[in-house]
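Heads up: the structure comes next, in structure tokens.
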Amino acid sequence: MGDLGSTILKRPRPWTFMVISWGMLRQEQKNARVFMGYLLGFAIMGYWMNGFLRYAADLGEPVNVLEAFCVVEQHYVNMLFLVLGWLLVIADAPFMKGNLYLLLYRCGRKCWNTGMLFYILIQAFLYTAVMAVFTIIFSSFSGFAGAMWSSPLYSLALDVTNSIGARYNITFPWLMMMKAMSVPQAFAVTFLFLYLYLVFLGVLLYAAALLFSGIAGIVAVTGVHLAGYLQMMDGHTADSLFARAVPGNFIDGTLSYWWSAVLFVALIVFLMVLSSVFIDKTEFDSGTEGDG
């Protein structure tokens, strides 16, 4: 009996799904695959953040410590590859361990399914938060705190000829965001949209892997992610889920960008309900991996 199975025997049933999620988090955080996913995220974020901080250093001007996350997360190419780290973190969906049948027997299929979905919510928050903290730490060496945007970022937002972008390999064409929001507000919105997008991809991967296979889940998520990127590049921003994960695309002085958040929440809820409906009909492979 694994640690997670033993823990469930000692917990009251109403909170069992949370116990499952916590046990999954403890197991997966020790997994080399998850560790490599976080490292890949650091490498991708660090590459683009280096360009922004190098640009500010060459100007001899400080930046707001929250700005780097806003700049890097909303850089299209960074977003395209940042998801790879997240996919590596959750590539094991639907997370069938060696103690799977014990868990199903003790808590039931729907409770187990809820625990797995709750785990995705927690892991997506951790991945987003760690990436954000990573940018804040490195920005703090040459930055300041507060609600005011920095001069380097204003210059970057006004770089319509892309002369700065071509030299430092970074862009920030979201002047409307700077006019409509303070830096903490922009940081919070950027954080939320990245989190919702990661949760959506994670739940999509889980649902597809649960209903079909792990390979089908990876194909589905990769297809949706790349299709969204190509749609955005073709100018179909409103139809692209990828573009909706970049809030600067929809900030126009109104609150219309919140429709993107509503859309992500609706898709996440739909996929969660779908997995809950079909979990009783799912046939699990007996050849699951051993406990982590």
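Index from 1, following the sequence.
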Task: Exam field: side chain Y195 to backbone A124, donor-acceptor pair closer than 3.5 Å - done: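 No, Y195 side chain to A124 backbone: no donor-acceptor pair under 3.5 Å.
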
Taking every non-hydrogen atom, the tightest pair across [X] and [Y]:
X    : Y    : answer
A147 : P184 : CA-CD, 3.6 Å
F193 : Y257 : CZ-O, 3.2 Å
T171 : G165 : CG2-CA, 4.2 Å
A186 : M181 : CA-SD, 3.8 Å

Open item on the list: Can you list, by chain and residue number, the hydrophobic cluster partners of V262 when the side-chain cut-off is 4.5 Å?
Closed with: W259

Could you tell me if the ring centre of [X] sits under 6.0 Å from that of [Y]?
X    : Y    : result
F125 : F191 : yes
F187 : F69  : yes
Y127 : Y38  : yes
H225 : Y197 : yes

Hey, are the side chains of [X] and [Y] touching, using non-hydrogen atoms and a 4.5 Å cut-off?
X    : Y    : value
I122 : M24  : no
L198 : L194 : yes
M177 : P247 : yes
Y76  : M79  : no

Task: Under the side-chain hydrogen bond (donor to acceptor under 3.5 Å, both in side chains) test, residues paired with Y154 that sit two or more places apart - done: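 Y154 satisfies side-chain hydrogen bond (donor to acceptor under 3.5 Å, both in side chains) with no other residue.
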
Is a donor from one side chain sitting under 3.5 angstrom from an acceptor on the other, for [X] and [Y]?
X    : Y    : value
S139 : E67  : no
D159 : S155 : no
Y206 : N113 : yes

Open item on the list: Going by ring-ring contact (aromatic ring centres under 6.0 Å, His included), name the residues that satisfy it together with F212, two or more places apart in sequence or in a different chain.
Closed with: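 Once residues adjacent in sequence are excluded, F212 has no partner under the ring-ring contact (aromatic ring centres under 6.0 Å, His included) criterion.
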
Task: Derivation of the side-chain hydrogen bond (donor to acceptor under 3.5 Å, both in side chains) call for N78 and Y47 - done: CA-CA 9 Å; N78 171 76; Y47 175 79; over 6 Å; no

TODO: Measure from NZ or CZ of R244 to the centre of the six-membered ring of F250 and say whether it is under 6.0 Å with the direction within 45° of the ring axis.
DONE: yes

